[in-house]
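Here the structure comes first, spelled out in structure tokens, and everything after it is commentary.
Letters A, B, ... are given to chains in the order of the sequence lines, protein chains preceding strands, and every chain is numbered from 1. All values derive from a computational prediction rather than experimental measurement.
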Amino acid sequence: MSATEVCGITAADIAEGQEMPALRHPVSVTTIVLGALASRDWRPMHHDKDFAVERNGVKNIFINTPNNAAWFERYITDWTGPKGRLGRLRFEMKKSVFPGDEMCFSGVVRKLAADAAGCHWADLELTISVDGEVRTTGRARVAIPTDPADNPWTRKGDRWLP
Amino acid sequence: MSARDPQASRNATDLPDEAQRMIDTPLYEEPGEFPIEMGYVYNTCAAVQNGNPIFWDPAVAEAVTGGPIAPPTMMSVWFRPHYWAPGATGERKALQTHFDLKQILDLPEAVVASNEAVFGEPVRPGDRLTTRQIVRSIGPLKQTKLGIGRFWTIDVETTNQHGEWVGTEIYTMLGYRRPEQ
């Protein structure tokens with residue numbers, strides 16, 4: 001297999017203002033505990049409901065920050081395909097996500113441009129909402145192949161300018 | 001996209017020498033506690049149902065990333081300490097320069113104002129990573145909604161065993177004193 005055979009979008013397939021397909025995922029206690037332990041976050045508010053209620057004053061355990069990052073990465077690369085390479089990610093968790101919530105991910109391409117090294121970048125604006133209420137907002141910068149033969153993962157040093 | 005919060009981009013002129021000396025000085029260089037391993041990669045991908053074949057299909061990983069890698073957003077995962085280890089005492093603080101600044105600047109409370117991660121060389125199974133912390137800026141005293149305080153920005157830079165840059169996490173913090181403090 002060569003990288004050219006691996007499917008995914010190229011810069012020619014997207015435009016500024018384009019919306020990314022939405023992703024919905026129901027959140028359970030297991031979703032939150034799996035994410036916390038996979039990210040080596042042992043803090044009790046991500047697995048112990050009594051602690052979350054009594055010490056944090058919230059209604060239940062909630063999704064932790066590094067797992068939120070992993071969800072955004074999944075959402076972005078579901079859209080780009082395997083050759084999409086994340087360069088930057090920034091987000092703010094304005095309100096927590098709890099068991100019983102259904103997360104709805106959405107995103108918009110805010111900017112599409114090639115850098116001095118010829119790498120095509122999509123700057124994305126991202127949101128996680130629950131029942132229409134915004135819980136997390138974020139911004140990401142992801143490298144997109146110029147054409148099917150291009151592969152951003154081969155870039156190093158001066159050719160990788162995230 | 002701006003890498004830094006403009007609130008913290010200018011250094012104050014009234015800083016104690018100890019705080020001034022910390023700016024742009026790499027501190028707390030620390031190796032990770034274990035080599036990178038795929039078990040955590042599978043746990044992370046399973047937790048978010050990430051089916052990206054570069055993490056699951058060795059042939060795709062070979063073709064696209066030159067072999068298996070970890071998801072870039074796992075960068076901080078590799079530096080969280082074990083929940084328990086023989087002989088370990090007390091709680092290890094992950095961002096020690098931040099706690100140093102709170103003490104030096106006499107600002108007992110703090111919140112994360114923003115954080116951003118920038119990703120470099122992919123992380124591969126077997127890699128041994130190292131981090132270091134660099135205070136990039138400390139802003140002037142200002143009145144905020146929480147109390148009087150300062151914004152500061154700390155970079156946590158990660159490199160691999162070849163000295164290659166793996167990524168940087170940029171934390172902007174607000175250290176403050178509550179009105180009654």
Side-chain angles (χ1 to χ4, degrees), chain A residues 1-8 23 25 30-43 65-78 80-93 110-111 121 123-124 138-141 143 151-154 156-157 160 162, chain B residues 1-5 33-34 39-67 69 71-84 94 112-122 164-165 167-170 172:
Chain A
M1 179 185 284
S2 75
T4 309
E5 297 167 63
V6 176
C7 295
L23 167 70
H25 190 86
T30 305
T31 312
I32 293 168
V33 174
L34 276 177
L37 298 190
S39 54
R40 297 177 56 81
D41 188 342
W42 326 115
R43 291 176 302 163
T65 304
N67 186 233
N68 197 325
W71 275 107
F72 271 138
E73 180 172 355
R74 180 231 155 146
Y75 178 54
I76 293 164
T77 55
D78 274 5
T80 61
K83 286 190 279 190
R85 181 177 174 186
L86 197 56
R88 273 177 192 260
L89 178 66
R90 173 183 179 138
F91 60 91
E92 287 175 50
M93 297 166 79
R110 280 292 169 227
K111 190 177 168 196
W121 292 98
D123 288 350
L124 309 176
R139 285 184 290 164
R141 184 164 162 78
N151 177 9
W153 289 102
T154 60
K156 287 174 84 84
W160 178 245
Chain B
M1 185 183 299
S2 165
R4 296 177 197 288
D5 194 315
E33 288 184 328
F34 57 96
Y40 270 107
V41 170
Y42 294 126
N43 284 346
T44 296
C45 290
V48 298
Q49 300 182 9
N50 184 346
N52 189 337
I54 61 176
F55 307 121
W56 297 96
D57 182 334
V60 175
E62 193 58 44
V64 176
T65 50
I69 64 164
T73 56
M74 289 185 72
M75 193 161 61
S76 67
V77 171
W78 310 115
F79 291 93
R80 288 200 188 87
H82 301 314
Y83 181 71
W84 177 90
V112 180
S114 70
N115 89 76
E116 178 166 16
V118 192
F119 306 108
E121 259 316 285
E164 295 167 318
W165 172 69
T168 301
E169 288 191 278
I170 304 160
T172 300

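For B:Trp78, no part lies under 4.5 angstrom from a heavy atom of chain A. Proximity to chain A is limited to the side chain of B:Phe55, based on heavy atoms less than 4.5 angstrom apart. Using a 4.5 Å cut-off between heavy atoms, A:Trp160 contacts chain B through its side chain alone, with no backbone atom that close. Neither the backbone nor the side chain of A:Tyr75 comes within less than 4.5 Å of any heavy atom in chain B. The contact between B:Gln49 and chain A is made by backbone and side chain atoms together, counting heavy-atom distances below 4.5 Å.
Contact detail for B:Val118 and A:Pro162: the closest heavy-atom pair is CG1-CG, 3.7 Å. The shortest heavy-atom contact between A:Arg85 and B:Gly120 is NH2-O, 2.9 Å. Heavy atoms only, all atoms of each residue included: B:Tyr40 and A:Arg40 are closest at OH-NH1, 3.1 Å. Heavy atoms only, all atoms of each residue included: B:Arg80 and A:Pro66 are closest at NH2-CG, 3.3 Å. Closest approach of B:Ile54 and A:Pro82 over heavy atoms only: CG2-CB, 3.8 Å.
Separating the CE atom in A:Met1 from the CG atom in B:Asp57 is a distance of 5.5 Å, to the nearest 0.5 Å. Here the straight-line distance linking atom CZ of A:Arg141 with atom CD of B:Glu116 works out to 10.0 Å at 0.5 Å rounding. A distance of 14.0 Å separates CH2 in A:Trp42 from CH2 in B:Trp84, rounded to the nearest 0.5 Å. Between B:Asn43 atom CG and A:Leu37 atom CG the span is 8.5 Å, to the nearest 0.5 Å. Remark: B:Asn52 CG to A:Ile76 CD1 distance equals 12.0 Å, nearest 0.5 Å. Summarising the geometry, atom CZ belonging to A:Arg88 is positioned 9.0 Å from atom OG1 belonging to B:Thr168; distances are rounded to the nearest 0.5 Å.
For B:Ala61, the side chain to side chain contact (heavy atoms under 4.5 Å, CB included) test picks out B:Thr65, with sequence neighbours left out.
Side-chain atoms of A:Trp153 do not come within 3.5 Å of backbone N or O of B:Ala63 as any donor-acceptor pair.
Chain B forms more heavy-atom pairs under 4.5 Å with one residue of A:Glu5, A:Lys156, A:Arg110 than with any other, namely A:Lys156. With chain A as partner, the option from B:Thr44, B:Ile69, B:Val64, B:Val60 having the largest number of non-hydrogen pairs under 4.5 angstrom is B:Val64. Taking chain B as the reference chain and counting heavy-atom pairs below 4.5 Å, the highest number among A:Ser39, A:Pro152, A:Ala69, A:Gly35 is found for A:Ser39.
Within 6.0 Å of the CZ atom in B:Phe34, the count of heavy atoms belonging to other residues, nucleotides or ligands exceeds 12.
Side-chain contact between B:Pro71 and A:Arg74 is absent, with no heavy atoms from C-beta onward closer than 4.5 Å.
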